[in-house]
Amino acid sequence: MQWSIRKKLIVTLMAVIILPFGIANAFTYNQTTKALNERFVSTNHDLIVKGEQELSTYLEDVAQMSTVLYRYTPFMNVMRDGISRNLTYNQEEVRRALAYLFNSRPEIEQMHLYIDKEKDSYTNYHSTISGRGTYEQIFSHPYYARLNRSGSFSVIEPPHEIYSYNNISVIPNSQKVDVLSFHNIIRDVPSDKFLGFLSIDINLSKIGDIAGRLYTEGIEDLYIMNENGVIIYSSNKAEIGKENKEKWFQQVKKKPKTGKSLEWKDKQFSGVIVYENFSNSFKNWYIVKRIPYDVLYQSARQTALTNILIAFITLFIVLMATLFISFRLTAPIKVLIANMKKVENGEFEADFESLGNDEIGMLGRHFKLMISKINELIEREYKLEIENKSSQLRVLQSQINPHFLYNAFQSIGTLALKLKAVPVYSLLTSLSTIMRYSMNMKEDIVPLSSEIKHVNSYLLLQKQRFEEQLEFSLNIQKEVEEIRVPKMILQPIVENCFKHGFDQQVEKAIIFIEVFLQKDDLVCISVKDNGIGVSEEQLQNIYEELFQGVSKEEKNRESIGLKNIYDRLQIYYSNQATMTVKSGNEGGFTVTIKIPNEIPNEVDQS
């Protein structure tokens, strides 16, 4: 089936957009929900741990309120001796103690004091202290009986509607609220004799304040249960005081105490349950927070929905744009144009395999053949140019010294030693070193130290010729000695100093060679003489020959000279090398070369 270009574009773009985006969105949603789950569990567990610590501290403080009375000796004497011994005074002590404790905490609704000596009973409801009452059947109260049997110091009665102890408090029905009761037994110290009971009823306002900071009302659920599963506090007020018989709570109790959370799903709740056991006196209590999945993954779902909406909008725009563009342009033509622009910028590469089997595809194949042919021609031209330069280098080497002279110079050197002509031997040694270096055709890239050694030998020979009329100085930085450079780039420049700079000079000739590494990692090579220099016109001709390839004295050139060195450097360093020439107003000539400290794609020439 032959599909049109328009249909190909539409189907391909839909697949390219929908499939990767769908996979990425699903993967992102999965990873996001997993990360959110872990982060929410960790954050909320830390939160309820802090809440549990605050609640434990608060409950411990309330439970320990009765211990203050042990330090009040007059009150303890009343508990031991009873009220009747000094009725007025003793009742005032009881009232003072109850008023003090009642006013210590604003959440206290009622207090009840029972003195076992004469079965006396007093209450303090909303700062109103009752008269003296008798509580004969004290152990009919289940929590007093439990305290007496267990030997515990204090027990907590779960939340319940406030009631009148011994029917001596007047509590209006309109003011009956749910309270949490702390029942404490009072014993004599140190005999441990039973003296009476003190009960403290507190409303749930303080517990509600602490719990309110642990969950988001209307979104999350919070439960505090005692050791029997009775709900001490709940975000659902109707459940306070009832026993929690839900399956999820039974599952929480089965989990190890080191656990943090579990995932739960039923008809009533679907989400994550984070829990923590109380410590110290309330170690069998639980604090549980339930977080629905809707809340937990709300941000992830919003992000996913936003991404899907963006995907649909993007898909619609792409479809419209594709339909519009397909009437006028085609994708293969755009690819071909892009490749043509690359060729215009000097990048002779085609980044497509095929543009199809139609006329555009044929055009693409011929375009690739054309690029391949151009690359082949360029490569052959560069190879030819490099070979030509290598040939010129070999000519230069052969001009310096023929090969057959090497053995002859060795024989002459041996004879000079026998005749004790040491200077002659030194000169022959320098000459043979030059020959050996120039005749070595196996390597064209050498350490800079070899070039320096070769130039030094050449200057030593010239020193013998000019004697005191020649001085030279080599200032070579240690860091550049092992840097590899093209062979024979220094000696021809120094040779030009003698050929052109000192031809008509009578005074002392000076040559200064300096090589160092610049901060920009370029190696700077400078050769300076104090010769006759060149005129402005000659300097301009040299620049034209170096950079434009124009020479007015081509027939009179005796060596490849500066032009040959410059061309070789451009080939080896991919046009990254620079050469400058400078002549002073009063004579002297300076050649400065700057090259990278490494040769790109170094090629060994043989």
Side-chain angles (χ1 to χ4, degrees), residues 56-105 107-158 160 162-169 179-203 226 280-282:
S56 295
T57 302
Y58 172 71
L59 296 174
E60 288 278 0
D61 289 345
V62 176
Q64 295 293 328
M65 283 181 64
S66 62
T67 59
V68 176
L69 300 175
Y70 285 91
R71 297 194 294 271
Y72 188 37
T73 304
F75 175 81
M76 292 303 296
N77 290 333
V78 173
M79 294 296 295
R80 294 187 189 97
D81 302 334
I83 294 292
S84 299
R85 176 173 292 185
N86 189 342
L87 182 62
T88 302
Y89 174 80
N90 289 342
Q91 283 197 134
E92 185 61 29
E93 290 297 336
V94 169
R95 290 173 181 274
R96 185 180 293 111
L98 290 177
Y100 171 77
L101 290 179
F102 185 89
N103 293 322
S104 64
R105 289 188 177 272
E107 63 270 19
I108 296 177
E109 293 285 336
Q110 180 180 222
M111 301 181 68
H112 173 244
L113 175 66
Y114 169 75
I115 305 173
D116 189 60
K117 179 69 175 179
E118 296 173 338
K119 311 297 182 183
D120 290 323
S121 177
Y122 292 88
T123 61
N124 185 349
Y125 173 72
H126 286 191
S127 296
T128 300
I129 301 176
S130 69
R132 182 182 182 186
T134 302
Y135 203 160
E136 294 290 345
Q137 303 297 323
I138 186 65
F139 293 112
S140 63
H141 191 290
Y143 284 91
Y144 290 156
R146 178 178 167 185
L147 266 176
N148 189 52
R149 291 193 306 268
S150 64
S152 300
F153 170 76
S154 176
V155 295
I156 298 177
E157 183 178 354
H160 57 277
I162 192 170
Y163 55 81
S164 175
Y165 291 88
N166 199 22
N167 295 317
I168 58 176
S169 295
V179 294
L180 186 68
S181 298
F182 291 77
H183 303 292
N184 305 285
I185 191 169
I186 300 176
R187 300 179 186 276
D188 195 7
V189 178
S191 65
D192 205 30
K193 177 184 177 182
F194 171 62
L195 299 179
F197 295 107
L198 176 66
S199 296
I200 303 173
D201 298 345
I202 63 170
N203 59 44
N226 66 7
N280 301 328
S281 302
F282 310 97

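Only heavy atoms go into these numbers, but all of them, side chains included; no hydrogens, no water, no symmetry mates.
For the pair F182/L59, a side-chain contact is recorded, criterion being any heavy-atom separation below 4.5 Å from C-beta on. Counting heavy atoms from C-beta on, the side chains of I186 and M79 come closer than 4.5 Å. Within the 4.5 Å cutoff, the side chain of V94 has heavy atoms near those of the I115 side chain. The shortest distance between side-chain heavy atoms of N166 and Y114 does not fall below 4.5 Å. I138 has its side chain out of reach of N148: every pair of non-hydrogen atoms, C-beta onward, lies at least 4.5 Å apart. Side-chain atoms of H126 and E109, non-hydrogen and from C-beta on, do get closer than 4.5 Å to each other.
Not counting sequence neighbours, the partners of F194 by the ring-ring contact (aromatic ring centres under 6.0 Å, His included) test are F197. Residues that satisfy the side-chain hydrogen bond (donor to acceptor under 3.5 Å, both in side chains) test with S130, not counting sequence neighbours, are T123. Evaluation of the ring-ring contact (aromatic ring centres under 6.0 Å, His included) rule for H160 yields Y163 as partners, not counting sequence neighbours. Residues passing the side-chain hydrogen bond (donor to acceptor under 3.5 Å, both in side chains) test with Y144 are H112, S199, sequence neighbours excluded. Looking at residues two or more places apart in sequence or on another chain, you find no ring-ring contact (aromatic ring centres under 6.0 Å, His included) involving F102. Checked against side-chain contact (heavy atoms from CB on, under 4.5 Å), S154 has the following partners two or more places apart in sequence or in another chain: A63, N184. With sequence neighbours excluded, the residues forming a side-chain hydrogen bond (donor to acceptor under 3.5 Å, both in side chains) with Y89 are E93, listed by chain and number. With sequence neighbours excluded, the residues satisfying side-chain contact (heavy atoms from CB on, under 4.5 Å) with S104 are M65, I108. For K119, the side-chain hydrogen bond (donor to acceptor under 3.5 Å, both in side chains) criterion is met by D116, not counting sequence neighbours. Every residue two or more places apart in sequence or in another chain was checked for a ring-ring contact (aromatic ring centres under 6.0 Å, His included) with Y122, and none qualifies.
How far OG of S152 is from OH of Y143: 13.0 Å, rounded to the nearest 0.5 Å. Atoms CG and CG, from L101 and L198 in turn, are 6.5 Å apart once rounded to the nearest 0.5 Å. Atom CG of residue N124 and atom CG of residue N103 lie 7.5 Å apart, to the nearest 0.5 angstrom.
In this structure a side-chain-to-backbone donor-acceptor pair under 3.5 Å is present from Y70 to R187. Although no hydrogens or angles enter the test, the distance criterion places no donor-acceptor pair under 3.5 Å between the side chain of S169 and the main chain of S164.
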TODO: In sequence, state the C-alpha distance, the side-chain angles, and the governing distance for T67 and F153, and then conclude on side chain to side chain contact (heavy atoms under 4.5 Å, CB included).
DONE: CA-CA 10 Å; T67 59; F153 170 76; 3.7 Å; yes
TODO: For side chain to side chain contact (heavy atoms under 4.5 Å, CB included), just list the numbers for H141 and H183, CA-CA rounded to whole Å, side-chain angles, deciding distance to a tenth of an Å, and then say yes or no.
DONE: CA-CA 11 Å; H141 191 290; H183 303 292; 3.9 Å; yes
TODO: Please test I156 against N226 for side chain to side chain contact (heavy atoms under 4.5 Å, CB included), starting from the C-alpha separation and ending with a verdict.
DONE: CA-CA 9 Å; I156 298 177; N226 66 7; over 6 Å; no
Open item on the list: What verdict does the side chain to side chain contact (heavy atoms under 4.5 Å, CB included) test give for Q110 and I162, after you've listed the backbone C-alpha separation in whole Å, the side-chain angles of each residue and the deciding distance to 0.1 Å?
Closed with: CA-CA 8 Å; Q110 180 180 222; I162 192 170; 3.7 Å; yes
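For the pair L69 and A97, the tightest heavy-atom approach, listed with the atom from each and the gap, is CD2-CB, 3.9 Å. I200 and M111 make their closest contact through CG1-CE, 4.0 Å (heavy atoms, listed as atom of the first residue, atom of the second, distance).
In this structure, a donor-acceptor pair under 3.5 Å is present between the side chains of D201 and Y165.
Atom OH of Y100 has 12 or fewer heavy atoms from other residues, nucleotides or ligands within 6.0 Å.
Listed by first and then second residue, the salt bridge (charged side-chain N to carboxylate O under 4.0 Å, His left out) pairs that reach into residues 58-74 are D61-R105, sequence neighbours excluded.
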Sequence neighbours left out, cut at 3.5 Å: what donor-acceptor pairs do the side chains of residues 80-87 make with other protein atoms?
residue, atom, partner, partner atom, Å
R80, NE, D188, OD1, 2.8
R80, NE, D188, OD2, 3.3
R80, NH1, N77, OD1, 3.1
R80, NH2, D188, OD1, 3.1
S84, OG, E118, OE1, 2.9
S84, OG, E118, OE2, 3.1
S84, OG, R132, NH2, 3.2

